[in-house]
Amino acid sequence: MSFLELNKVTKIYPNGTKAVHETSMNVENGEFMVFVGPSGCGKSTLLRMIAGLEDITEGYINLDGILINKVDPSERDVAMVFQNYALYPHMNVYNNLAYGLKNRGISKEDIEKKVNEAAKLLQISEYLQRKPSMLSGGQRQRVAMGRAIVRNPKIFLFDEPLSNLDAKLRIQMRLEIKKLQQKVGVTSIFVTHDQVEAMTLADRLAVINNGLIEQLGTPIEIYNNPKSMFVAGFIGSPQMNFLEGELKNKTLTSEGFEINNVTSDFNGPVILGIRPEHMSQTDKGLINLSVDLVEQLGSDNLIYGEIKNKKDFCFRCPGSQIIKKGSKLSLNINDNNYYVFDKSNGNRVN
Amino acid sequence: MIRYFSSNFSHLILLIGIFIMIIPVWLIFASSTHTALIINTQGLQFFLGDKFLENYTKVLLYEGGFFKEITALKMFLNSFLMATGVAFLSVISSLMTAYVLVYFRVKYATLLFWIIFITILVPLELRIFPTYSVMSTLNLVNSYWGLIIPISASAIATLFFRQFYKTIPDELLESAKLDGANTWRFFIDFLVPLSKTMIVAMFIFMFVFGYNQYLWPILVTSSEQYWTVVMGLKMMSGSIVNKFAFVIMSMIPPVLIIIVLQKYFIKGIFQDK
């Protein structure tokens, strides 16, 4: 039995909107699970159902062997970090951390000990007497995490906690969250729409679309082996290139080139997916790209161009390579790293 | 330069406004320190006289009314009790009403709120007969509760608290829930401290409102024991200077409450935002 079990969990709002479709998954003890998906895909709803902030329409959720469908949020022993932190503005940092403990009837000495420990861990000891309005974004983020840690809950829930921070701080906090989780070892679920965050934080990640889990697996599994066009497009940056084509007798024809010996018995219209980083320049390659735009990132160059009917085809090459706008490139796909999807439903066929 | 000029100009306008408001008050005050003879023969006085102590002590201890049962001091006590009672009760009831309307799953909460709100269109003066009849059935005529209760439900204060609660992000409630706060704790630990500023503002507002009541206290009390200051202004007999002195004294409590509470009011505004 897993630590957290979701069994055919469904959420239908009173107005009839189905936010989450019969979702089942297991999260193991100590695991860092990330829900990733575009906004409005139901990932936050799913998290809020685990927290107890939304009713579960159908299905059941088990936490640590206990059915928690009808358990009040305060008794589920879960802690949540909100997008806007939801710190208590009228309490100082100490009381923000201590409030949940006070409500559990823990003695004053124990509260003080726990708060100080958590504060030390998060390096917020010197701000304990300050009010949240006197803290910077990163410090508030730490206080919000402290509030979760201090209670020593069964599970941490993070609802896009980094999206209010600037880019640099976000990367730093991302690192800290991961380190902290490894140190404390508490099972965590992290919701984000940022695929880089998802890839870097997750032990396993669930790609969610339209209230359904499209794919569940380790970040690398999902990157290397996307099951659908949606997952392929969502994970990876810059986005995978999609080309229309036709697959017939293991031969794929697309935008002026052919790939033979495709490992698929599918026949019909398909979408060919190639990641920008899975190509390299050769003399006589498959793909002829006329360059429109070069983005120099320093370590890498992102080359955007046109191949036959497809615009904005992206190719990634090392930053040392100098490529001029207007030039023509000949590209090959490395090690058959391409993906073929059924055009009608987006499912992977190779 | 322009800024300097415009700020001076607006100060000038403010000063003129202050003078317009202060001068009549000062006239009454200065006049109240003279003898009645001087006022009657020479009119209102701009400068202070030497009868301040004499006039004011006389007024405070003067036994008024037909039955000589009431002194000005007692009137001040009555007014203070009434105004404080009204302020307390209306702040508490509005806080709680707004809490229910915003945070409880009340069907038609918005409709209910507007029904509460339109009671503004029905002031006490309009419903004075039914209100009196309720008070008399409850045996509250000629009592402090009779003075206080009928004007202790404030739709305006409810509106203010409701609008304020609506600006509090839902995450705060959710976070408090996860921290184990029940309905009552959320109210006491969160909403009350967060609306501190507004509570003080509403308290001042309702205190002055209660203090200024005239018609209702006249109707609901027949015993002179329950006369309030504002009633006394009308009922007061005695010489003109005594009346002036009483007018001046009647202004002190509301002014005092504003001065005392304003400190917290401003503190609240600047600290908690």
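Since the structure is predicted, the reported quantities are computational estimates derived from the model, not experimental observations.
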Side-chain donor-acceptor pair present, [X], [Y], cut-off under 3.5 Å:
X: A:Ser2; Y: A:Glu28; answer: yes
X: A:Lys114; Y: A:Asn152; answer: no
X: A:Asn96; Y: A:Tyr88; answer: no

Next item on the list: Run the salt-bridge test on A:Lys178 and A:Asp203 with the 4.0 Å N-O cut-off and return the result as yes or no.
Entry: yes
Next item on the list: May I ask you to say whether B:Asp179 pairs ionically with A:Arg151, meaning some side-chain N is under 4.0 Å from a carboxylate O?
Entry: yes
Can you say whether [X] sits under 4.5 Å from chain B via the side chain, the backbone, both, or neither, judging by heavy atoms?
X: A:Leu87; answer: backbone
X: A:Met91; answer: side chain
X: A:Arg48; answer: side chain

Next item on the list: Can you spot which of A:Ile189, A:Val78, A:Val81, A:Ile149 makes a side-chain contact (heavy atoms from CB on, under 4.5 Å) with A:Phe156?
Entry: A:Ile149
Checklist line | Contacting moiety of B:Asp170, where chain A heavy atoms sit under 4.5 Å | finding: neither
Check: So A:Glu58 and A:Lys18, salt bridge (Lys or Arg N to Asp or Glu O under 4.0 Å) or not? Walk me through it.
Finding: CA-CA 11 Å; A:Glu58 276 166 40; A:Lys18 205 167 184 181; over 6 Å; no
Check: At their closest point, which heavy atom of A:Val36 faces which heavy atom of A:His193, and how far apart are they?
Finding: CG2-C, 4.2 Å
Check: Residues of residues 95-102 of chain B under 4.5 Å from chain A (heavy atom pairs)?
Finding: none
Checklist line | Partner chain A: residue of B:Ser175, B:Ala181, B:Pro169, B:Gly180 with the largest heavy-atom pair count (under 4.5 Å) | finding: B:Ser175
